[in-house]
Undergrad: 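I have a structure I would like to understand better, so I am pasting it below and will then ask my questions one at a time.
In this text the structure is predicted, and so the values were computed from the model without any measurement. Just follow the structure's listing: the first ligand is 1, and inside any ligand the first atom is 1. Positions are given from 1 along the sequence.
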Amino acid sequence: MEVKVVNKSSFDLPEYATVHSAGLDLRANTTDNLVLAPLDRVIIPTGLFIEIPVGFEAQIRPRSGMAIKHGITVINSPGTIDADYRGEIKVGLVNISNEAYTIKPGERIAQMVFSKHETVSWLEVELLSETDRGEGGFGHTGKK
Ligand SMILES: O=c1ccn([C@H]2C[C@H](O)[C@@H](COP(=O)(O)OP(=O)(O)OP(=O)(O)O)O2)c(=O)[nH]1
Ligand SMILES: [Mg+2]
């Protein structure tokens, strides 16, 4: 699928790290090192603007290596980029470790996955169909 993109960043367009990767790695479009102290939250610009085809969204997800090694994760994961959004794609990060982490200019900070979604119309009713599960949830199964 082709997606229109305006690249105002200092870096090349995001790439798939391997041929069948689902996520395109997003780089921090920053000019200076940015120190993220424990529990700090930041919004990192990417310099990218996209036009997502209707019926699709883009999700901003953490990179697992950064999350597991350094506690740097996407605070609103998965971030949602709507098809009608024309602003800059930004990445909200949080440091949930107890050590500071320095984000370097151009560092790959998150990944973006394009995904189909449905748009529903409500059919309002009085009763829903019966099922074995019924209203049980939140750890309901497997109990004796
Ligand atoms: O990680 C993200 C999440 C969102 N956005 C942009 C694109 C998205 O289409 C818009 C709105 O996002 P969302 O609906 O998640 O935020 P909101 O707090 O509900 O804001 P709004 O009232 O603008 O919908 O912000 C980003 O750039 N990065
Ligand atoms: Mg919203």
Undergrad: Do side-chain atoms of Ser9 reach the backbone of Phe11 as a donor and acceptor pair under 3.5 angstrom?
TA: yes

Undergrad: I want to check something: taking the side chain as every heavy atom from C-beta on, are Glu51 and Arg86 in contact at a cut-off of under 4.5 Å?
TA: yes

Undergrad: Within the distance-only criterion (no hydrogens, no angle test), does the side chain of Asp40 pair as donor or acceptor with the backbone N or O of Asn95 below 3.5 angstrom?
TA: no

Undergrad: Each residue besides Val125 in its hydrophobic cluster should be listed here, by chain and number; the cluster joins Ile, Leu, Val, Met, Phe, Trp and Tyr at side-chain heavy-atom distances under 4.5 Å.
TA: Leu123, Leu128

Undergrad: Determine yes or no for a side-chain-to-main-chain donor-acceptor pair under 3.5 angstrom, with Glu88 supplying the side chain and Thr46 the backbone.
TA: yes

Undergrad: When you measure from the side chain of Arg63 to the backbone of Met66, do you find a donor-acceptor pair of N or O atoms at a distance under 3.5 Å?
TA: no

Undergrad: Put together the list of close N/O pairs, under 3.5 Å, between ligand 1 and the protein, could you?
TA:
residue: ligand 1; atom: 1 (O); partner: Asn76; partner atom: ND2; Å: 3.1
residue: ligand 1; atom: 9 (O); partner: Asp82; partner atom: N; Å: 3.0
residue: ligand 1; atom: 9 (O); partner: Asp82; partner atom: OD2; Å: 2.6
residue: ligand 1; atom: 27 (O); partner: Lys90; partner atom: N; Å: 3.1
residue: ligand 1; atom: 28 (N); partner: Lys90; partner atom: O; Å: 2.7

